[in-house]
Undergrad: 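Have a look at this one.
Labels below follow one simple rule: chain letters A, B, ... track the order of the sequence lines, proteins then strands, and each chain is numbered from 1.
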2 protein chains.
Amino acid sequence: MSRSPAPRRRATLASLAAELKVSRTTISNAYNRPDQLSADLRERVLATAKRLGYAGPDPVARSLRTRKAGAVGLVITEPLTYAFSDPAALNFVAGLAESCEEAGQGLLLVAVGPDRSVSDGTNSVLAAGVDGFVVYSAADDDPYLQTVLQRHVPIVVVDQPVDVPGASRVCIDDRTAMRELADYVVGLGHREIGLLTMRLGNERRVGDQASGVVSPDRLSDSRFHVQTERIGGVCDAMAGAGLDPATLTIVESCEHRPASGAAAAELALQTNPRITALMCTADVLAISAMDYLRAKGIYVPGQMTVTGFDGIPEALSRGLTTVSQPSLEKGKRAGRLLHSPPRDGLPVIDVLPTELVRGRTAGPPV
Amino acid sequence: MSRSPAPRRRATLASLAAELKVSRTTISNAYNRPDQLSADLRERVLATAKRLGYAGPDPVARSLRTRKAGAVGLVITEPLTYAFSDPAALNFVAGLAESCEEAGQGLLLVAVGPDRSVSDGTNSVLAAGVDGFVVYSAADDDPYLQTVLQRHVPIVVVDQPVDVPGASRVCIDDRTAMRELADYVVGLGHREIGLLTMRLGNERRVGDQASGVVSPDRLSDSRFHVQTERIGGVCDAMAGAGLDPATLTIVESCEHRPASGAAAAELALQTNPRITALMCTADVLAISAMDYLRAKGIYVPGQMTVTGFDGIPEALSRGLTTVSQPSLEKGKRAGRLLHSPPRDGLPVIDVLPTELVRGRTAGPPV
DNA sequence: ATGAAAGCGCTAACAG
DNA sequence: CTGTTAGCGCTTTCAT
């Protein structure tokens, strides 16, 4: 009864101890503190473990005991496929992954499908066994952000200008960066400007509704501060040049798909045919918009100025005039803030630098 | 003593129960089986929870009890940054993430840095609280693969032609796919062929050693079957055309970086200047090789035929002659195999189709 | 509809 | 170097 070679029941640390007639501590030590027992006792333990098919201490039980999960959770409010289609977001994830790898921590991509109810028991934010969370670019009122806050674990928010109490924050100065870019565009002489932005609300419109002209109300209701700050930067620049920001044609793209920028560009030009510059809050929008313009035979920058934001490789290689931001570094910093938090335990605000890239897609208006 | 609003100690299910003078079962039910108690008792529970800052059942403790972690682990033997730089690998991850999202499961990227010792207690493969693992393109003798096998959890291996006992498998027919491509190249008249491959061994050479000509011994010792199968496909085609596969110049690229293909191409052409076709086991290698050739003023396909493997978007848009494989679908399948395993519990082998893409980078030799 | 009791598998003092 | 003693926080029969 004591040494059946194929126990029907999964071997545990306790069963190993019983088999070897030693205490559980000894087994535990064999795995966790090899120096605490003689080499050959350890050998015997490992050999018996192998024979019994014992894979070592159960990670979950250990987590429960030590209160460490060995992983951090990443919450992205977009469908994960978005995170994998925008190089800027992807680079952020890569940076985060890199810092996790360095720290020997896992990175748990938390499933946050649009349809998943927030409060039900299967909520994966609540179900995630992690030591902390990184929340990427959520709206202030995002229900998942609220849930994460409830969990009372360390949190780092990224691209979330508004303060989240107790959370550290990694971001850039979106408003100033965009303002510099807009200053440049306005300085070139543009007066009628179209502004293409990502979604401003938590609801998800699709299909025909995916793009829409943004009313002042919707803009002021927006809870996506990254977008509104960038828009604000453009408004600042216009106001600074004596232009009325209300003349800006803002189009929102709710779906984030490769062709979203094209649809938004079309709507913008349709809404105001006198537009001479299309500014976009993301390079992916700008690139798609340029594809649209090319298909329409509208030359950039001859007939239309186009600008982006992010500085993704494709944008840079295509000469897009844009703002370059250190997405990878954002990810690394976010991870580091979680893995080695500041001594004093106080939240940190880490504002990373950006750089205006004067590419080849901006010129004077016709 | 009973209703202090800010307990120094984290609230638990038990403390809530004590506070409300109900049993733990009731609290548990309030979260997990709302229909098992009256609506207003449930309200009271939730209200008290909020007051005490109780975020709901601890995920780790629940995992221990229920033996479910709500997440699957992904083990990639490359540094994670590789997974984020090769679109083919990335697409696979995206597909896997998508199926996890659908299933409401988390996806844990397991840290498998090169320097991390396999057997130490901090081994993140052992530390991961997951319900199953996906192992992506590891060598047969990869130590992490062995570790994962020990864990006695469901496993799906991807791009791993050799059988792993008890594991399901998602793959393509690398050998046949590459053979078709090589048949095409040989059919064009090429006799001196260079073959650029990813690393064939577990050790990691860097810097000057990163690229190297592959000896027959090293080839036969290779444990990366995806690579060796693709190489085998080329050999098959040559043999089929009456050519001696031993004349193939095989260069291995151990680092996987954007410029790796260039270095490998240079070495191949240096080793055998009569090469008229460079076949690559990955599109990223081929693209980098093409960049190198362009820089050298060598025209493709006029002076050099180049082929790839994977069918990543950039390759397709650049007209690369290659084999297209459904990377995203591989990820989805792998996930599904874990989330809803076949009834009979038997391992599944899922061979996905590939397609020969006759692009614009292959032509007759000069 | 609610409660009592029995662990899930492990680690961490502390004592020998 | 090894064993004893207590839990970590939760779910789940089985009663009531």
Undergrad: Name the pairs: protein N/O against N/O of nucleotides 7-11 of chain D, kept only if under 3.5 Å.
TA:
residue	atom	partner	partner atom	Å
dG7(D)	N2	Arg65(A)	NH1	3.0
dC8(D)	OP1	Arg9(B)	NH2	3.4
dC10(D)	OP1	Tyr54(B)	OH	2.6
dC10(D)	OP1	Asp58(B)	N	2.8
dC10(D)	OP2	Leu13(B)	N	2.4
dC10(D)	N4	Arg24(B)	NH2	2.6
dT11(D)	OP1	Asn32(B)	ND2	2.9
dT11(D)	OP1	Arg62(B)	NE	3.0
dT11(D)	OP1	Arg62(B)	NH2	3.3
dT11(D)	OP2	Ser28(B)	OG	3.0
dT11(D)	O2	Arg65(B)	NH1	2.3
dT11(D)	O4	Arg24(B)	NH2	3.4

Undergrad: Rounding to an integer number of Å, can you tell me how far Arg44(B) CZ sits from dA1(C) C1'?
TA: 14 Å
Undergrad: So Ser63(A), base contact, sugar-phosphate only, or nothing? Heavy-atom distance under 4.0 Å.
TA: nothing
Undergrad: In whole Å, I'd like the distance from the CG atom of Leu20(B) to the P atom of dT2(C).
TA: 12 Å
Undergrad: So among Arg333(A), Lys332(A), Arg336(A), which one has a salt bridge (charged side-chain N to carboxylate O under 4.0 Å, His left out) with Glu98(A)?
TA: Lys332(A)
Undergrad: With Thr26(A), which residues qualify under side chain to side chain donor-acceptor pair (under 3.5 Å), at least two apart?
TA: Ser23(A)
Undergrad: Test of understanding: with ring-ring contact (aromatic ring centres under 6.0 Å, His included), list the residues that count as partners of Phe84(B), not counting sequence neighbours.
TA: none
Undergrad: Rounded to the nearest Å, what distance is computed from the CG atom of residue Asn29(B) to the P atom of nucleotide dA4(C)?
TA: 14 Å
Undergrad: Can you list everything that forms a side chain to side chain donor-acceptor pair (under 3.5 Å) with Arg33(B)? Sequence neighbours excluded, please.
TA: Asn29(B)
Undergrad: Report all side-chain donor-acceptor pairs from residues 63-70 of chain B shorter than 3.5 Å, counting only partners two or more places apart or in another chain.
TA:
residue	atom	partner	partner atom	Å
Ser63(B)	OG	Pro59(B)	O	3.3
Ser63(B)	OG	Lys68(B)	O	2.8
Thr66(B)	OG1	Arg62(B)	O	2.8
Thr66(B)	OG1	Lys68(B)	N	3.4
Arg67(B)	NE	Leu64(B)	O	3.3
Arg67(B)	NH1	Asp58(A)	OD2	3.4
Arg67(B)	NH2	Asp58(A)	OD2	2.9

Undergrad: Write down the distance between NZ (Lys68(A)) and C1' (dT11(C)), rounded to a whole number of angstrom.
TA: 13 Å
Undergrad: Rounding to a whole Å, what distance do you find between Leu41(A):CG and dC1(D):P?
TA: 10 Å
Undergrad: Using a 4.0 Å heavy-atom cut-off, does Val22(B) contact any base of the nucleic acid, only the sugar-phosphate backbone, or nothing at all?
TA: sugar-phosphate
Undergrad: Round to the nearest Å and state the distance from Ile27(A) atom CD1 to dA12(C) atom C1'.
TA: 16 Å
Undergrad: Does His339(B) have any side chain to side chain donor-acceptor pair (under 3.5 Å) partners at least two apart in sequence or in another chain, and if so, which?
TA: none
